[in-house]
Amino acid sequence: MSQTKQIEQKWQKRWEEAKLFEADPNPNRQKKLVTFPFPYMNGPLHVGHAFTASRVDAYARFKRMQGFNVLWPWSWHWTGQPLLGASQRVARGDEAYIKVLREVDGVSAEELQKFVDPFYMAQYYTNEGRLAVKNIGFSVDWRREFTTVMPTFQKFIEWQYKNLKEKGYVTQGTHPVVWCPKDQSPTGDHDRQSGEGITPDEYTLIKYCLDDGTILPAATFRPETVYGITNMWINPEATYVEADVDGENWIISQQAAEKLKEQERKVIVKRAFLGRELVGKFFTNPITNLKFPILPGWFVNPKTATGIVYSVPAHAPYDYLALRDLQKKPEMLIQFGVDPSTVLAIKPISIIKVEGFGAYPAIEIVEKMGITDQNDPKADESTNELYKKEFHSGILKANCGIYTGKSIREAKDKLIVDFKELGVADSMYDLSESVVCRCMTPCIVKILSDQWFLNYSDPKWKELAHQVIAQLTIYPDSARPWFNTVIDWLREWACARTTGFGTPLPWGKGWIIETLSDSTIYMAFYTINAQIKANSIKPESLTPDVLDYIFLGKGDRVSVAKTVDISTDLLDSMRNEFLYWYPLDLRNSAKELVPNHLSFCIFHHAALFPPQHWPKAIGVNGMLMVEGQGMHKSKGNFITLKGAIEKYGADATRCGLLLGAEGMDDPDWRADNINDLKFKFDSFMGFAGNIIASTKTDEDTPLERWLTSRLQQRINDVTVALDELKTRTALQTALFETWNDLRWYIQRKGSAETKAIGDAVKDWLKLLAPFAPFLCEELWSQTGEGGFISTAKWPVYNDSKVDVVALEQETLITDVMVDTNNILKAMKIMPNRIIYYTAASWKWQVYLKVVEKTLVGEAKINELMRTFATDITLKPHIKDIAPLVPRIIKALTKISGDRKINMAKIGIIDEKIILDDASTFLKDRFNAGITVYSESDIQCFDPKHRATMAMPYQPAIYIE
RNA sequence: GCGGAGGUCGCCCAGCAUGGUCAAAGGCGUAAGACUGAGGCUCUUAUCCCGCAGGGGUUCGUGGGUUCAAAUCCCACCCUCCGCACCA
């Protein structure tokens with residue numbers, strides 16, 4: 001077993017023995033309740049889960065070290081269809097799928113056989129998952145764990161839905177879905193062989209009439225064009241039927257009749273015939289009462305909607321093309337018994353004014369694109385283009401009745417409602433492309449009746465949800481507009497289905513609460529589940545009254561307790577525990593859950609809880625990529641959490657993930673990077689371990705003060721970043737930047753055996769502990785500090801420990817080194833001897849005066865010169881000051897405001913002493929002799945007269 | 001189409017809300033040197049271009065604009081990723 005693995009197991013065991021992460025209410029301590037959406041258990045946990053959850057864990061550990069009573073619970077989502085589907089695929093012997101389970105998930109042959117039981121499968125992955133979560137070191141309170149099929153949890157969901165229904169947020173109605181006739185169930189994207197992303201389109205049917213009253217329901221997405229109709233198109237070769245539809249006599253394509261039967265229509269087919277039978281007849285437009293002919297149109301697809309299309313040649317390229325084709329072929333019309341003069345007499349009717357087009361946009365676009373006939377593929381393109389233009393910028397002309405002057409955008413919806421009210425319009429659903437179920441059956445649109453909805457359309461509910469968002473902290477805040485738009489955009493959500501695992505709807509027989517709808521406020525259940533389990537509370541005791549009392553404080557405790565097998569004390573204890581932990585302090589998830597789960601969570605909290613129990617903060621992060629690609633089992637780039645921990649170790653896995661990205665950016669898992677990090681941690685162990693093990697001398701030179709000051713800055717940076725859930729920034733600072741500081745100190749000092757660096761390492765370990773808890777725990781135990789680092793006190797930034805003089809002095813050294821290097825690079829030489837000349841004291845006087853001036857406003861040269869001229873000490877140098885001042889001003893433009901303030905505060909520093917102190921270090925660095933003179937030293941060796949170049953904070957340099 | 005997020009020096013990415021401190025942090029990669037029996041470990045240095053003295057030039061998707069000054073502000077355009085419903 002590797003050393004890393006031993007360390008991981010050792011500390012995992014000790015944490016568990018110490019019950020370190022079990023959190024109970026404590027009125028004397030401030031609390032944090034942090035959560036991660038429970039993962040769905042149809043497969044193993046992967047590094048994507050780990051990324052999001054690592055952010056939660058880092059935050060939880062950070063807050064715990066800051067002294068908060070932190071509760072991080074974890075559970076497992078079993079609700080839904082896929083678990084069942086997966087199990088069925090195993091039962092069916094689906095080889096491709098079984099191969100994935102064996103090779104990617106690592107399921108043994110023996111276990112696999114048992115997967116025919118979906119419960120077994122879910123339990124298997126749950127067990128595997130729990131182990132992985134423990135192995136990665138998440139600081140979870142396991143006493144609160146559950147799965148969503150547990151009866152006690154289901155009582156909670158029943159309570160939730162009972163309350164929602166009572167508040168009027170649950171409604172019943174009809175709903176169109178893509179449906180597999182064989183499976184007798186809705187066919188979601190994941191269940192489809194082809195046709196991903198296709199949703200039911202609603203067509204408006206305009207009820208045109210034949211003379212005998214028979215209705216020709218022509219389908220359209222543009223009912224406003226009814227004012228521009230010139231004729232009807234019927235495919236002469238397609239089969240149509242005459243049918244009784246909800247008591248009316250309709251003519252529709254044969255396929256349409258079948259479809260309508262699934263859409264809540266009573267359809268009795270009376271006879272079937274070929275479309276040509278209708279050609280030549282006339283019909284009435286119910287809006288205008290004008291008569292028009294029916295003409296043959298081969299482009300009409302009987303599979304689309306009703307198979308009946310009306311013609312608007314002024315605005316529809318297909319209609320114009322088909323008409324033009326007919327007008328060119330009178331002999332064809334005669335075959336159908338149509339008088340060619342009728343067709344020749346048809347003139348397009350212009351009804352829409354569009355930017356960039358004349359009266360007849362369809363004709364213009366056809367001519368512009370050179371489209372030859374209705375079979376030209378460009379006809380489609382032109383249709384899309386024109387429809388888009390007309391929808392966005394079209395205005396209805398004077399011949400459009402009461403809609404005249406309105407834009408298409410505003411008229412369309414109103415017109416549909418009006419026409420339906422008048423009884424001249426109807427609607428039906430159809431699919432824009434074919435959708436095929438995984439079972440290879442072509443899908444249709446079915447209207448489900450008696451469907452239960454969560455009415456997210458309710459304006460009052462939306463308003464409450466907006467209020468929740470308004471008081472939320474969102475990490476990063478750039479996700480806020482997204483939440484608000486989602487709240488506005490969500491509409492009725494079908495919250496129950498008939499298949500899969502889940503909680504039965506308390507009032508609806510045969511309905512099961514759907515998976516996204518049973519996971520909205522369950523964080524509240526965590527607060528009491530430890531007590532439920534510890535006291536073996538029976539599900540039947542968790543009545544609505546009991547839960548009302550616990551979560552809402554409703555009712556009288558004594559009488560509520562009396563109704564069930566729960567003592568008053570226990571009831572109160574649960575109520576108190578809920579009140580202690582709620583509200584939720586952080587919920588963090590990947591951004592894909594913003595439009596559904598997270599927004600639902602907001603809606604449901606708004607509906608069920610008072611404002612003081614609304615969530616406080618939501619974190620959103622990117623989706624994990626693997627080597628630049630989305631992670632999929634089918635792509636062969638699926639990385640299980642278990643596998644990652646085994647290969648790289650828990651700490652490297654956590655940190656590799658967290659270093660990938662923050663905010664809403666997508667992190668990229670690169671095996672090379674993680675592997676490198678693994679080695680980095682090995683050397684981290686050595687580096688920090690050596691310092692801890694070495695003897696300590698108590699020294700206090702500027703270098704120690706520098707180190708202490710730097711560490712204070714790092715402490716501040718990490719703390720601020722973590723408070724904003726900027727885990728990447730925090731970890732980068734904690735790991736790399738701090739490490740660089742320590743390295744610099746050791747190089748400058750030439751040893752690592754001081755108390756200062758020993759103390760620094762302890763703080764360093766604390767800064768890293770939220771990210772790499774195992775290694776930090778191990779190293780912490782070597783420091784002799786005692787206790788767990790997981791609960792050690794987080795370092796607090798202390799301004800008084802920051803020594804700006806020490807910081808400036810060290811900056812002087814690095815600046816001098818940069819300058820020296822720059823010269824060496826330009827010279828392309830190896831130096832024998834380097835001589836530094838520090839600025840004379842009168843230059844400091846001038847310099848500091850200029851600094852002072854630039855801090856309060858603009859430094860004016862003549863003004864400064866006047867001041868200097870009156871100063872007796874400076875007078876002898878006045879000739880040299882004249883050229884110096886502009887140089888100083890220029891140099892200061894490159895220096896930050898903070899540093900200038902420090903410079904002014906510090907005053908003169910003795911550069912000679914500082915450089916002399918560093919000369920051994922500089923000698924090693926440049927492999928050359930180092931000599932330091934003061935400019936004012938007349939004895940100094942200065943063959944090239946460089947000394948006069950010296951400026952404060954920028955000594956002159958001469959290199960031999 | 002609608003909505004959201006982005007395009008930075010070989011790669012991953014900071015910076016952009018408050019314009020100057022930005023040739024632009026950090027990590028990776030690459031190169032040289034040190035250490036070593038050896039090293040794919042580790043440490044140091046370098047890493048846009050030019051420069052025999054600490055300097056100069058050209059960069060932050062593209063094209064304009066504002067300004068003494070723009071990676072940062074404004075406008076237009078191009079490109080990439082994500083979500084779009086009964087499904088986790």
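Heavy-atom basis, side chains included; hydrogens, waters and symmetry copies ignored. Nothing here was measured: the structure is a model prediction, and the numbers come from that model. So you know, we letter chains A, B, ... as the sequences are listed, proteins then strands, and number each from 1.
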(message) Return whichever of Val486(A) or Glu592(A) has its heavy-atom-nearest nucleotide of RNA chain B closer to the 5' end.
(response) Val486(A)

(message) If you assign Ala496(A) and Glu737(A) each to the RNA chain B nucleotide with the nearest heavy atom, which residue ends up on the more 5' nucleotide?
(response) Glu737(A)

(message) Ring centroids only, cut at 6.0 angstrom: are Phe921(A) and Trp744(A) within range, meaning strictly under it?
(response)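 Between Trp744(A) and Phe921(A), which both carry aromatic rings, the centre distance is below 6.0 Å.
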
(message) In this structure, is the centre-to-centre distance between the rings of Phe38(A) and Tyr522(A) below 6.0 Å?
(response) yes

Does [X] have any side-chain hydrogen bond (donor to acceptor under 3.5 Å, both in side chains) partners at least two apart in sequence or in another chain, and if so, which?
X	answer
Tyr456(A)	His604(A)
Asp488(A)	His466(A)
Thr811(A)	none
Asn455(A)	none

Using the [atom1] atom on both, measure [N] against [M] and round to a whole Å.
N	M	atom1	value
C12(B)	U62(B)	C1'	24 Å
G15(B)	U72(B)	C1'	9 Å
C13(B)	G3(B)	C1'	26 Å
C2(B)	C50(B)	P	48 Å
C16(B)	U66(B)	P	25 Å
C78(B)	C28(B)	C1'	30 Å
C22(B)	C48(B)	C1'	14 Å
U42(B)	U58(B)	C1'	38 Å

(request) Kindly indicate whether a cation-pi arrangement holds for Arg833(A) with Phe941(A), taking the cut-offs as under 6.0 Å to the six-membered ring centre and within 45° of the axis. (result)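 Yes - Arg833(A) lies over the ring of Phe941(A), closer than 6.0 Å to its centre and within 45° of its axis.
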
(message) Need the glycosidic conformation of A38(B): syn if within 90° of 0, anti if not. Which one?
(response)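 Here A38(B) takes the anti form, which means its glycosidic angle is more than 90° from 0.
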
(request) Mind checking Asn42(A) for me? I need base, sugar-phosphate or nothing, with any heavy atom below 4.0 Å counting as a touch. (result)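 The residue Asn42(A) makes no contact with any strand.
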
(request) Tell me what Asp666(A) touches on the nucleic acid: a base, only sugar-phosphate, or nothing, going by heavy atoms under 4.0 Å. (result) sugar-phosphate

(request) State which of C13(B), A85(B), G27(B) makes the closest approach to the side chain of Arg728(A). (result)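 For Arg728(A), the side-chain atoms sit closest to C13(B).
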
(message) What's the closest nucleotide to the side chain of Ser478(A) if the choices are G6(B), C12(B), G4(B)?
(response)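 Ranking G6(B), C12(B), G4(B) by closest atom to the Ser478(A) side chain puts G6(B) first.
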
Specify the separation, in whole Å, of atom [atom1] of [X] and atom [atom2] of [N].
X	N	atom1	atom2	answer
Phe501(A)	C86(B)	CZ	P	22 Å
Leu659(A)	G26(B)	CG	P	14 Å
Asp668(A)	C82(B)	CG	P	13 Å
Asp665(A)	G15(B)	CG	C1'	13 Å
Asp672(A)	C28(B)	CG	P	12 Å
Glu662(A)	G26(B)	CD	C1'	12 Å
His597(A)	A85(B)	NE2	P	19 Å
Tyr456(A)	C84(B)	OH	P	15 Å

Base-pairing mate for [N] - Watson-Crick or G-U, with both contacts under 3.5 Å:
N	result
U66(B)	none
G40(B)	none
A85(B)	none

Taking side-chain contact (heavy atoms from CB on, under 4.5 Å) as the definition, give me every residue that meets it alongside [X], ordered by chain and number, with sequence neighbours left out.
X	answer
Gln81(A)	Leu84(A), Arg497(A), Thr499(A)
Asp942(A)	Tyr837(A), Cys940(A), His945(A), Arg946(A), Ala947(A)
Lys678(A)	Tyr648(A), Ala652(A), Asn675(A)

(request) Please work out which of the three classes, parallel, tilted or perpendicular, describes the rings of Trp739(A) and Phe684(A), given edges at 30° and 60°. (result) perpendicular

(request) Determine: side-chain N/O of Asn740(A) to OP1/OP2 of G27(B), distance under 4.0 Å, yes or no. (result) yes

(request) Report, as a single string ordered 5' to 3', how protein heavy atoms within less than 4.0 Å touch nucleotides 29-43 of chain B: B base, S sugar-phosphate only, - not at all. (result) S------------SS

(message) Return a single string for nucleotides 46-59 of chain B, one symbol per nucleotide in 5' to 3' order, where B is base contact, S is sugar-phosphate-only contact and - is none, cutoff 4.0 angstrom on heavy atoms.
(response) SS---BSBB-S---

